[in-house]
Amino acid sequence: MSENIIGYLDKDNNIIDTQSAVDTAGLTPIEYDNSEKALEIIRHSTAHLMAQAITELYPNSQFFVGPVVDEGFYYDFRVDEKIGEEDLKTIEKKMKELIKKKYKIEKYELSKDEAMKKFANDDLKQAVMSRIPDETLSIYKQGEFEDLCRGPHVPALRFLNNFKLTRVAGAYLGGDEKAEMLTRIYGIAFADKESLKAHLDMLEEAKKRDHRKIGTEMELFMFNESAGSGLPFWMPQGAKLRAKLEEILHKAHRIRGYQPVRGPEILKSDMWRTSGHYACYGENMYLTEIDEQEYGIKPMNCIGHIQIFKQTQKSYRDLPLRFYEYGVVHRHEKSGVLHGLLRVREFTQDDAHIFCTPEQIAGEVIEVVEFVDSVMQLFGFEYTMEVATKPEKAIGEDAVWELATQGLKDALTENNLPYTIDEGGGAFYGPKIDVKITDALGRKWQCGTIQVDFNLPQRFEVEYVAEDNTRKQPVMLHRAILGSFERFIAILTEHFAGEFPFFIAPTQVIFVPIAENHVAYANELKKTLMAEGIDAEVYDKNDSLNKRIRTAEKQRVPYVAIIGDEEVANRSVAIRNRRSREQYNLTQDEFMVELRQELQKGKI
RNA sequence: GCCCAUAUGGCUCAGGGGUAGAGCACUUCCUUGGUAAGGAAGAGGUCGUGAGUUCAAGUCUCACUAUGGGCUCCA
């Protein structure tokens, strides 16, 4: 056996570890490297090594499960002591000590009954075993430490040198909110030191892009402890960025046949009872009282749009009817889930409701998907789509569900857009497509959504007059492209690391006049740009030229333009490229042409 | 909501049972400078909030609030 073989692959691509492989003929060896399969074995064994170290440090600890996940591994366990970030170093140190003892990892098998007896005093192990159907269980042993495990594992601890424990967290036993909370430690492991370092560096880099950090640096938004958590304040720079995004989207909606509407922030609770929100979503809603009547602050915008639809009689000729609103909604999210702008309690959806016939669903969905795609392409986002199908608890006939679900799938297929299926993940009133974007730390966030709804039109008795002069009920499509401005801007910030494209940059041009006698021309240029809808600033503070250029450069502004004698005389500008630091001169007219072109890039 | 951690001027952080520090930012003055930090002076904090221990609490304890990492949920 080669020194570097840590396992085998069988014909079906299953990993067989060296402890389990009786006959290696016909098996493909797995070398000790950073391949997906090798890392799976290494990380799993590292989780065990961590468990062994924890057992030595905290003799009373009991272990639940320790699987390999996308970003490394974790182990859930119960322990009397409180374990904090500081303790991770101690555990890591113990792990290194254990490696030096050169333990082999050995495997033996037990019947389930024997295993039950062996772990009779360990209710967590009992819980694990109760979830395993097999009659024969395997135990892995390294030194004194034994753990129930199906493997696979590396042959010996010497393969586990390159790891890092990354965080300590709490996790519910079995993911059940009502169950006991265990301690979870996450870690990462690689086959060599360089890969580990590269991974840790990547995490560092991602942290630098964190929208909360950049948002503070660039003064985009803020929170205020006294005001309450999850309630963002938009500072001038952030509000400018947001206004530009709103403007781009306004035009895009109007071109696509959407009409703007706006509903009130609060509606009587009876209306929420009719909609079903009071019963189904009530615990997430904020309620208030006016003149002894209960009102609910809207968590969604649908109700308002329905009332507007119903205000005047509609004909089949009016369909599809598309209403949109930048709807401010409030939702009582649990305190522990709030996260920068990505998860807040007040946010603004780029919300729209399309009233249409069942036959029009597919066509409308195709248009929405096209809309989503053009927005994602505008910013260069990678995204994934997920079709969520009928859940167990659902209303409406199967045939209609089938039609709607197929309509969603067809729309994606026809646009050559790959999607995955979230079986049973739809809303109770209809199937949906969710659009997910990945943030700088690799976390996926739902942004856009397209939902088919048969429920609300029925509850609110929404009707139109059909061709045969009968009353029919339209279908409603709920859809959002960005999802919310808050979340989308958070992801944009991380995506561009704060260096936003020209058409949404909060400040688009900074003029740096060299001396006092250049300030007038700089201000004149600024005025010209502002008239074109381009945000410009003049840096004429009493600082050295170098200092002002440096300050301007640090603002992540698309254009920094220097204005001196030469520029005033020629009515030109000296542009600095923010990336290459190279400079070039343009006349004022040429500059304006370039800026207008840059603005045009924001058209969708 | 639950587990763990954190909370010092606008920002980033140091300090640590005897009553507050740095850098950046800010204000004023000098400097009028052609591509990433010119100089000087100054203002700004009851050390998240409320209790408790102590002769004495930013410093120790508890509660609350907020933030961070997760669990769960979601735009």
Side-chain angles (χ1 to χ4, degrees), chain A residues 74 76 78-79 81-88 166-186 207 210 212-213 216-217 219 222-231 235 281 283-284 299-300 327 329 331-344 346-351 434-437 441 443 445-449 478 480-488 490-491 512-519 540-554 560-567 574-578 581-583:
Chain A
Y74 68 79
D76 283 351
R78 180 196 290 146
V79 63
E81 292 83 352
K82 288 184 174 181
I83 295 187
E85 302 278 342
E86 284 303 303
D87 300 311
L88 295 185
T166 48
R167 50 190 174 241
V168 56
Y172 295 110
L173 198 158
D176 178 0
E177 196 172 345
K178 292 182 187 72
E180 173 191 2
M181 181 153 277
L182 303 174
T183 302
R184 172 177 295 182
I185 296 180
Y186 284 93
K207 266 190 200 161
D210 191 311
R212 293 165 299 189
K213 183 174 153 64
T216 305
E217 277 171 23
E219 299 185 354
M222 55 176 259
F223 290 92
N224 182 310
E225 181 178 341
S226 311
S229 69
L231 304 171
M235 298 167 83
Y281 203 75
E283 56 188 30
N284 283 319
M300 296 171 194
V329 295
R331 299 182 184 177
H332 184 211
E333 301 289 350
K334 291 177 185 171
S335 58
V337 305
L338 301 172
H339 183 97
L341 284 183
L342 284 166
R343 197 67 180 278
V344 290
E346 184 202 272
F347 58 99
T348 307
Q349 296 178 304
D350 59 326
D351 204 2
D434 283 333
V435 180
K436 299 192 173 176
I437 314 184
L441 291 165
R443 288 178 291 217
W445 295 91
Q446 184 185 329
C447 289
T449 184
H478 308 247
I481 308 287
L482 309 183
S484 77
F485 283 93
E486 286 74 9
R487 179 173 290 178
F488 195 78
I491 297 171
V512 182
I514 290 174
E516 200 127 330
N517 55 328
H518 310 125
V519 173
D540 59 348
K541 227 186 86 173
N542 185 12
D543 271 328
S544 68
L545 176 65
N546 280 354
K547 177 66 181 289
R548 285 179 291 137
I549 288 170
R550 179 183 147 85
T551 310
E553 285 290 332
K554 286 183 73 173
V560 172
I562 315 295
I563 306 295
D565 285 340
E566 212 177 297
E567 286 72 30
I575 310 289
R576 269 178 73 93
N577 183 294
R578 70 172 156 188
R581 294 189 190 178
E582 284 168 7
Q583 55 168 336

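Numbered from 1 within each chain, the chains take letters A, B, ... in sequence-line order. Atoms considered below: every heavy atom in the structure, side chains included; atoms not considered: hydrogens, waters and symmetry mates. None of these values were measured; they are calculated from a predicted model.
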Taking the side chain of [X] as its heavy atoms from C-beta onward, which of [options] lies nearest to it?
| X | options | result |
| --- | --- | --- |
| Ile549(A) | U35(B), A75(B), G48(B) | U35(B) |
| Ser544(A) | G38(B), A37(B), U72(B) | G38(B) |
| Met181(A) | A37(B), C74(B), C3(B) | C3(B) |
| Arg184(A) | C71(B), A75(B), C26(B) | C71(B) |
| Ala574(A) | A75(B), U35(B), A66(B) | U35(B) |
| Ala169(A) | G70(B), U32(B), G34(B) | G70(B) |
| Glu333(A) | C11(B), U72(B), C74(B) | C74(B) |
| Glu553(A) | G69(B), A36(B), A37(B) | A36(B) |
| Arg343(A) | A66(B), A37(B), A75(B) | A75(B) |

Whole Å only: how far is the [atom1] atom of [X] from the [atom2] atom of [N]?
| X | N | atom1 | atom2 | result |
| --- | --- | --- | --- | --- |
| Glu217(A) | C11(B) | CD | P | 13 Å |
| Glu81(A) | A5(B) | CD | P | 13 Å |
| Asn542(A) | U31(B) | CG | C1' | 7 Å |
| Arg167(A) | U67(B) | CZ | C1' | 17 Å |
| Glu516(A) | U32(B) | CD | P | 11 Å |

(message) Does G50(B) count as syn, meaning its glycosidic angle lies within 90° of 0, or as anti?
(response) anti

(message) Please tell me whether His518(A) and Asp565(A) have a donor and an acceptor in their side chains that are separated by less than 3.5 angstrom.
(response) yes

(message) Looking at Arg212(A), I'd like to know whether one of its side-chain N or O atoms comes within less than 4.0 Å of OP1 or OP2 on G69(B).
(response) yes

(request) Quick one: look up who G48(B) pairs with, Watson-Crick or G-U, both distances under 3.5 Å, and put none if it's unpaired. (result) C64(B)

(request) Would you mind pulling out the nucleotide paired to G18(B), Watson-Crick or G-U wobble, both distances under 3.5 Å? (result) C55(B)

Does a distance-only test, which skips hydrogens and angles, find a donor-acceptor pair under 3.5 Å between the side chain of [X] and the base of [N]?
| X | N | value |
| --- | --- | --- |
| Glu567(A) | G34(B) | yes |
| Arg576(A) | A36(B) | yes |
| Arg487(A) | C74(B) | yes |

Base, sugar-phosphate, or nothing: which does [X] touch, judged by heavy atoms less than 4.0 Å apart?
| X | answer |
| --- | --- |
| Glu219(A) | nothing |
| Val512(A) | nothing |
| Leu182(A) | nothing |
| Ser335(A) | base |
| Gly230(A) | sugar-phosphate |

(message) Taking A25(B) as the reference, what is the distance to A66(B) when you measure between their C1' atoms (whole Å, please)?
(response) 24 Å

(request) With P as the reference atom in both, quote the distance from U31(B) to U12(B) in angstrom, rounded to an integer. (result) 36 Å

(request) Calculate, to the nearest 0.5 Å, the distance between atoms CD and CG belonging to Gln349(A) and Leu482(A) respectively. (result) 10.5 Å

(request) May I ask whether Tyr186(A) stacks on the base of G70(B), given the cut-offs of 5.5 Å between ring centres and 30° between planes? (result) no

